[in-house]
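What follows is a set of notes on a single structure, which appears directly below.
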2 protein chains.
Amino acid sequence: MKIGELSRATGTNIETIRYYERIGLLPEPARTAANYRSYGEAHRTRLAFVRHSRELGFTIEEVRSLLDLADHPERECSEADRIATRHLAQVEEKIGQLVTLRDELSRIIGRCRGGLAADCRVIEALGDHTMCNGDHE
Amino acid sequence: MKIGELSRATGTNIETIRYYERIGLLPEPARTAANYRSYGEAHRTRLAFVRHSRELGFTIEEVRSLLDLADHPERECSEADRIATRHLAQVEEKIGQLVTLRDELSRIIGRCRGGLAADCRVIEALGDHTMCNGDHE
DNA sequence: GCTTGACCCTGTAGTTGCTACAGGGTGCAT
DNA sequence: ATGCACCCTGTAGCAACTACAGGGTCAAGC
């Protein structure tokens with residue numbers, strides 16, 4: 001499989017594949033006589049693992065740890081569980097932040113009734129730093 | 001006000017303040033004889049506006065537009081409303097994505113009962129690219 | 001008067017996770 | 001032989017900061 005085929009097979013940008021190789025997430029593949037990268041099924045599987053992990057929001061370093069664990073099936077999987085659980089907590093925290101954000105944005109936008117910027121509630125609310133979160137630190 | 005005081009007054013990193021000045025979000029302040037930046041109340045207000053906008057997730061370019069509008073109170077505020085409304089839609093989309101993510105992560109983690117990585121459901125699930133989202137494109 | 005420490009300056013490079021060239025080589029069909 | 005699609009390396013760019021390195025300034029204390 002050449003890099004273009006692997007790209008299509010996994011929905012990964014070609015440049016991204018080469019990037020993953022450069023940072024050591026994917027092993028260097030064999031080369032053809034013309035110096036083209038030549039991939040096998042194992043590469044495809046590994047790249048799919050990486051892409052799926054990334055889509056779930058794991059950082060590159062977390063993916064590295066997860067891959068490392070996948071490469072050593074004799075180890076305990078508690079590390080994988082720990083990474084995933086911590087990540088879940090982060091996702092939940094982010095959701096909470098975004099919900100707060102959404103509410104504040106809705107509140108701000110709701111007050112806008114058009115007219116001149118001088119009277120704009122959106123701009124006014126942004127300039128007002130004594131916000132509803134009570135952050136008086 | 002020197003840059004350190006402005007930093008404390010707005011909860012903004014000093015380097016960030018200088019960065020904002022460099023990219024033209026904040027005007028260049030006057031300088032003391034020792035070439036120290038000297039800020040007034042208007043700077044503080046403007047920086048607070050920028051920080052608040054950034055906390056709400058507006059991009060720098062969006063903040064630039066909002067500031068521009070705040071600087072021209074004779075204009076219509078529909079642009080501000082448009083920016084904020086579009087941003088709200090993006091936040092809502094992001095929340096939806098993260099909720100999907102959270103559910104998938106929960107599902108994966110819920111199946112982990114410890115033991116060896118060889119049997120780890122987390123790692124198995126990451127490797128499995130035929131996921132529940134039915135993405136067969 | 002001299003040092004210590006906190007503060008300030010500029011300029012550049014690093015971060016994350018890619019993405020986009022520039023400038024070239026290869027392979028196959030017409 | 002001439003397109004064209006594909007591949008190669010290496011470097012630079014993106015957002016939005018953050019972190020130095022290497023220097024200057026200022027007030028307080030000995």
Side-chain angles (χ1 to χ4, degrees), chain A residues 1-26 28-40 43 46-67 83 86-87 90-91 94 97 101, chain B residues 1-26 28-40 43 46-67 83 86-87 90-91 94 97 101:
Chain A
M1 204 176 352
K2 278 188 287 183
I3 199 167
E5 298 169 72
L6 181 63
S7 166
R8 282 187 294 278
T10 59
T12 312
N13 192 319
I14 287 179
E15 322 261 32
T16 305
I17 297 174
R18 287 198 279 248
Y19 167 71
Y20 286 161
E21 179 184 325
R22 206 160 56 242
I23 64 172
L25 269 195
L26 296 182
E28 294 184 22
R31 298 288 183 130
T32 68
N35 200 31
Y36 287 8
R37 287 172 178 80
S38 180
Y39 296 99
H43 287 101
R46 194 177 178 88
L47 180 53
F49 185 104
V50 172
R51 288 314 299 168
H52 189 200
S53 303
R54 291 287 304 127
E55 275 160 23
L56 286 173
F58 289 101
T59 66
I60 294 281
E61 287 316 304
E62 285 168 341
V63 175
R64 214 186 283 279
S65 300
L66 291 168
L67 274 172
I83 292 171
R86 189 188 50 196
H87 182 51
Q90 284 165 1
V91 169
K94 190 78 194 167
Q97 287 169 0
L101 215 68
Chain B
M1 207 180 342
K2 280 188 285 181
I3 199 168
E5 298 168 71
L6 181 63
S7 167
R8 282 187 296 276
T10 60
T12 313
N13 193 318
I14 287 178
E15 322 260 32
T16 304
I17 297 175
R18 286 198 280 247
Y19 168 70
Y20 287 161
E21 179 183 326
R22 206 160 56 242
I23 65 172
L25 270 196
L26 296 183
E28 295 185 21
R31 299 288 183 128
T32 68
N35 201 31
Y36 287 9
R37 286 172 179 83
S38 179
Y39 297 98
H43 288 99
R46 196 178 177 87
L47 180 52
F49 185 104
V50 172
R51 288 314 300 168
H52 189 200
S53 303
R54 291 286 306 124
E55 275 160 24
L56 286 174
F58 289 101
T59 66
I60 294 280
E61 287 316 305
E62 285 167 339
V63 176
R64 214 185 282 280
S65 300
L66 292 169
L67 273 173
I83 292 173
R86 190 188 51 198
H87 182 51
Q90 285 166 1
V91 168
K94 189 75 193 170
Q97 287 170 1
L101 215 70

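Throughout, protein chains are lettered first and strands after them, A, B, ... in sequence-line order, and every chain is numbered starting at 1.
Put simply, T16(B) has no side-chain N or O that comes within less than 4.0 Å of OP1 or OP2 on dA16(D). OP1 or OP2 of dT9(D) has at least one side-chain nitrogen or oxygen of R37(A) nearer than 4.0 Å. An OP1 or OP2 oxygen of dT19(C) is reached within less than 4.0 angstrom by a side-chain nitrogen or oxygen of N13(A). Between R18(A) and dT19(C), a side-chain N or O to OP1/OP2 separation shorter than 4.0 Å is absent. Not one side-chain nitrogen or oxygen of R22(B) sits closer than 4.0 Å to the OP1 or OP2 atom of dC17(D). The side chain of Y20(A) contributes no N or O atom lying less than 4.0 Å from OP1 or OP2 of dG17(C). A sub-4.0 Å separation between OP1 or OP2 of dC17(D) and a side-chain N or O of R51(B) is present.
When heavy atoms are screened at a 4.0 angstrom cut-off, I3(A) is found touching the sugar-phosphate backbone but no base atom. Within the nucleic acid shown, I23(B) has no heavy atom closer than 4.0 Å to any nucleic acid atom. Contacts of T32(B) with the nucleic acid, taken as non-hydrogen atoms under 4.0 Å apart, are absent.
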Item checked: R31(A)/R37(A) under side-chain contact (heavy atoms from CB on, under 4.5 Å): CA gap, chis, key distance, verdict -> CA-CA 5 Å; R31(A) 298 288 183 130; R37(A) 287 172 178 80; 3.4 Å; yes

Notebook entry, point to check: For R46(B) and Y39(B), what are the C-alpha separation, side-chain angles and deciding distance, and is it a side-chain hydrogen bond (donor to acceptor under 3.5 Å, both in side chains)?
Noted result: CA-CA 11 Å; R46(B) 196 178 177 87; Y39(B) 297 98; over 6 Å; no

Margin query: Working note: R18(A) + E15(A), criterion salt bridge (Lys or Arg N to Asp or Glu O under 4.0 Å); need CA distance, chi angles, decisive distance, verdict.
Written below: CA-CA 5 Å; R18(A) 287 198 279 248; E15(A) 322 261 32; 3.7 Å; yes

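For the pair E61(A) CD and dC18(C) P, the computed distance is 12 Å after rounding to whole Å. Computed from coordinates, the L26(A) CG to dG17(C) P distance equals 15 Å when rounded to whole Å. In this entry the distance linking CG of N35(B) with C1' of dG23(D) reads 13 Å, nearest Å. Atom CD of Q90(A) is separated from atom P of dT16(C) by 14 Å (rounded to the nearest Å). For the pair K2(A) NZ and dC8(D) C1', the interatomic distance rounds to 12 Å; values are reported in whole Å. Between the CD atom of E21(B) and the C1' atom of dC9(C) there is a distance of 11 Å, rounded to whole Å. The distance between atom CD1 of I14(B) and atom P of dC17(D), rounded to the nearest whole Å, is 16 Å. When rounded to the nearest whole Å, the span between CD of E62(A) and P of dG17(C) equals 9 Å.
The I60(A) side chain lies nearest to dG17(C) when the options are dC8(D), dG17(C), dC7(D).
Checked by atom type and distance alone, the side chain of S53(B) pairs as donor or acceptor with a backbone atom of F49(B) at under 3.5 Å. No donor-acceptor pair closer than 3.5 Å links the side chain of T12(A) to the backbone N or O of S7(A).
Of the two residues contacting DNA chain D, namely A34(A) and E15(B), the nearest-nucleotide position lying further toward the 5' end is that of A34(A). Nearer to the 5' terminus of DNA chain C, by closest-nucleotide assignment, is the contact made by Y19(A) (compared with the other of A33(A) and Y19(A)).
To the nearest 0.5 Å, atoms CD1 (I14(A)) and CD (E5(A)) are separated by 10.5 Å.
With hydrogens and angles ignored, no donor-acceptor pair under 3.5 angstrom links the side chain of Y36(A) to the base of dG27(C).
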